[in-house]
Amino acid sequence: MTYIARTNKDRDGELPEGEVLREQLLIDHLQGVAKYAREFASKFGMERMAEFLGLCHDLGKYSCEFQDRVRGASIKVDHTTAGGQKLIEIMVGEQKLTDVTLADLLANCIFGHHGGLLNQGESADIGHEKRSVFARKSKNVGEGQFVFGDFHAYASEVNLENPTSAFLEACAKMKPICTAKKKGQQSFSNSFLTRMLFSCLVDGDYLDTEKFMKGDVGRSDHDDMTTLLERLNQKLEKFTDIKGLNQYRNDILQSCINKAKGEKGLYSLTVPTGGGKTLSSMAFALNHAKKHQMDRIIYVIPYTSIIEQNAQVFSDIFDVKDANGKMIKRNVLENHSNADYDNEDTSAGYQYLAAENWDIPIVVTTNVQFFESLFSHQTSKTRKLHNISNSVIIFDEAQMLPTDYLKPCVYAIEELIRNYEVTAVLCTATQPSLNLVFPEGSKAPIEICENFKALYDKLKRVTYEDAGVLNNAQLLEKLNGQTQVLCIVNSRQHARELFAGLEGEFNYHLSTLMYPEHRKQQLLEIKKRLAAGQPVKVISTSLIEAGVDVDFAIVYRAKAGLDSVIQAGGRCNREGKRALETSKVYMFEPDPEEVKPPRGLALNLSATDNALSKGFEMGSPEQIKAYFDYLYKTKGDSLDKKTKDYPTEGIVDRLQKLYIQFEDISNDFKLIESGNTKTIFIPKDKEADKLLHQLKNTGISKSLYRKLGSFSVTIPIYEYNKLDEERIFENVEGVIVLTDLDAYCDESGLKVDFEYRADGIFY
């Protein structure tokens, strides 16, 4: 009998137009996946185990039942359980692997290679709603056993050599973060290894299937690190003016280039705002990657609102054009929820494919995309994980790592450094005290700019002043007295109130109630007016603080976390062309009688007050350290968010359990709680109207969904419910569309004329 893995028919059983029936031999598929998985895992020493997973993953397809199904029979067949059970039998049955739970972890990779990693359990969990699937698959016991037919014909084609010895040798070389407290207890490191091997298997499975179905689609057409470094150096050579501020930027650049010669590990790049850290950090990354033969640079940014700016800078340097001047996106990937990759556009084809597994030299992504993938159980998100290994990762604006999940995020960074050949760089003007959060035994970061304290004095461009308490009338009087001024406040409501009180023309409002494309256009207008010296007043929420390249003479900042105040200072005299004494950042306290205390900022405000009381100069490294020391020590266990079903255990605690609940952890590790929000598509301009027409006529697709994101606003569920009382939305193919366009203001975005207090009262 000839055993096949699949045919080239689509899911409806139809042949693509113009094609003849083709069959992929099952042995060819197993060997193809094993080859991919072995290559991927070789970067972290687990190639033998990954190859074994590849050979085992579809053993269930050797059953007569599956062979009937793949040839057209209308029957359901379980083909994922057999391979996982065979793995356990081989690795445990011969008494070579005494830790049965470790074999279960590996088997989980096979059980979940289509649907995702399962919550783990043992025989006693057969009746447990969330663990019974894994328990029944791994033990093949209990009511509703997974029946998959006799698959032992595999032995005529597949040679399964026991990988246990090689696997244990590779494990012995790893440096686990947490030492098991009792025999058999799994560690954070083992759960991480499971996801990494799962990634190798899943990506190999996708790629081998894709190759059979579509042929070679050119995934690897990109430049090497040497070529990319040459392009960056050509760009940097154009900066010939090294006087004034540029002299210090050049010093920072040279420090990055010199420190890139060091060994892999954890680095910090502490550079005052305006120090040119974007290109300098990339110079470190490329030089370091070239020295250590690393595969890619991953640039992690906190907000989608600023990611386009950095991605465009890198694209202009590293991407290439064809003979007609059309850009071929083959070196830089911008990967986040609003990024658009059109699979039918060949110029964007490289990005469309690379977005699936990050097989591209430079990835620019968000905290949400990066960290949620690391803790995910889903195949779609975990495909990329193996390509994080042997990379340089730049965490831009490191002070904005998600506080509620800071401990698991930091543990993940440390795990990548210890066991997956990663170099990580914490890049910011306000370096957080992460030494208080890193696991015991972690090495302190190596500071790239050793003279960063001296740089603070040299790059000082603004004067901070405490303006005390200002009511809205007093604040507006000061703002209206300026020609060019930026005011940043803590709530959207306060921003709207102040914006309404601005006098004259050329006033701008920025908030998350504006869809991304709208904010982008507003920022372009603001920058043009600033550059031309023309009048411009801006009221914004904190979204403008991190990485947005604007340069005002005067900035007002409502009191908040010290890092936010200093980041706001980075929007003042950014290029250092004005005198220090005339470049002012005023920190003020809104009148509590007019402005409700900001939700969730109480601890940050206390930490700010504590740091201010120390007597350090405003914005100095000593003051920043005092702020973060107080903040992290006070938050303590709340740096690892608890969840409803696990009120006493954080994510890291749960990853120390004997049986790891992969799906639960994946569902709970959400930096943005999508279940508590609604996303509204705003068909306000011509491009958005075209997308709405496409949605109604062709339905939703992955590409269209991404395009819609540039014209969408996400709001809390309680705001959506309140607005929905006015019946201003319609559901089109699962997309919530604003139908009353009068509810969206061209100046300030979606009209949400209320806030919500913790006591549930709208005001």
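Side-chain contact check for H518 and D746: no donor-acceptor pair (N or O, by modelled atom type) lies under 3.5 Å. Counted by atom type alone, Q399 and E397 present one or more donor-acceptor pairs between their side chains at under 3.5 Å. Side-chain contact, T679 with T714: a donor N or O sits under 3.5 Å from an acceptor N or O. For R557 and N490, the side-chain atoms include at least one donor-acceptor pair closer than 3.5 Å. Residues S281 and Y299 have side chains that bring a donor and an acceptor to within less than 3.5 angstrom of each other. Side-chain polar atoms of S373 and K384 form a donor-acceptor pair below 3.5 angstrom. Donor-acceptor pairing under 3.5 Å is recorded for the side chains of Y627 and N604. Between the side chains of Q247 and D251, no donor N or O sits under 3.5 Å from an acceptor N or O. In the model, E230 has no side-chain atom that pairs as donor or acceptor with a side-chain atom of Q234 under 3.5 Å. Checked by atom type, the side-chain pair K259/Q254 shows no donor-acceptor distance below 3.5 Å.
By the 6.0 Å contact criterion, CD on E477 is open, its count of non-hydrogen atoms from other residues, nucleotides or ligands being 12 or less. Counting heavy-atom neighbours within 6.0 Å of K625 NZ, excluding the residue itself, gives a total of 12 or less. Atom NZ of K478 has 12 or fewer heavy atoms from other residues, nucleotides or ligands within 6.0 Å.
Look at E447 and K453 and you find no salt bridge, because none of the NZ, NE, NH1 or NH2 atoms lies under 4.0 Å from a carboxylate O.
Between Y515 and F681, a ring centre-to-centre spacing not shorter than 6.0 Å is recorded. A centroid separation of less than 6.0 Å is found between the aromatic rings of F370 and F395.
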Subject >> Evaluation steps, side-chain contact (heavy atoms from CB on, under 4.5 Å), between D223 and L228 >> reply: CA-CA 7 Å; D223 295 309; L228 297 178; 4.1 Å; yes
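By the 6.0 Å and 45° rule, R529 stacks over the aromatic ring of F506.
At a threshold of 4.5 Å between non-hydrogen side-chain atoms, the residues I448 and I252 do not count as touching.
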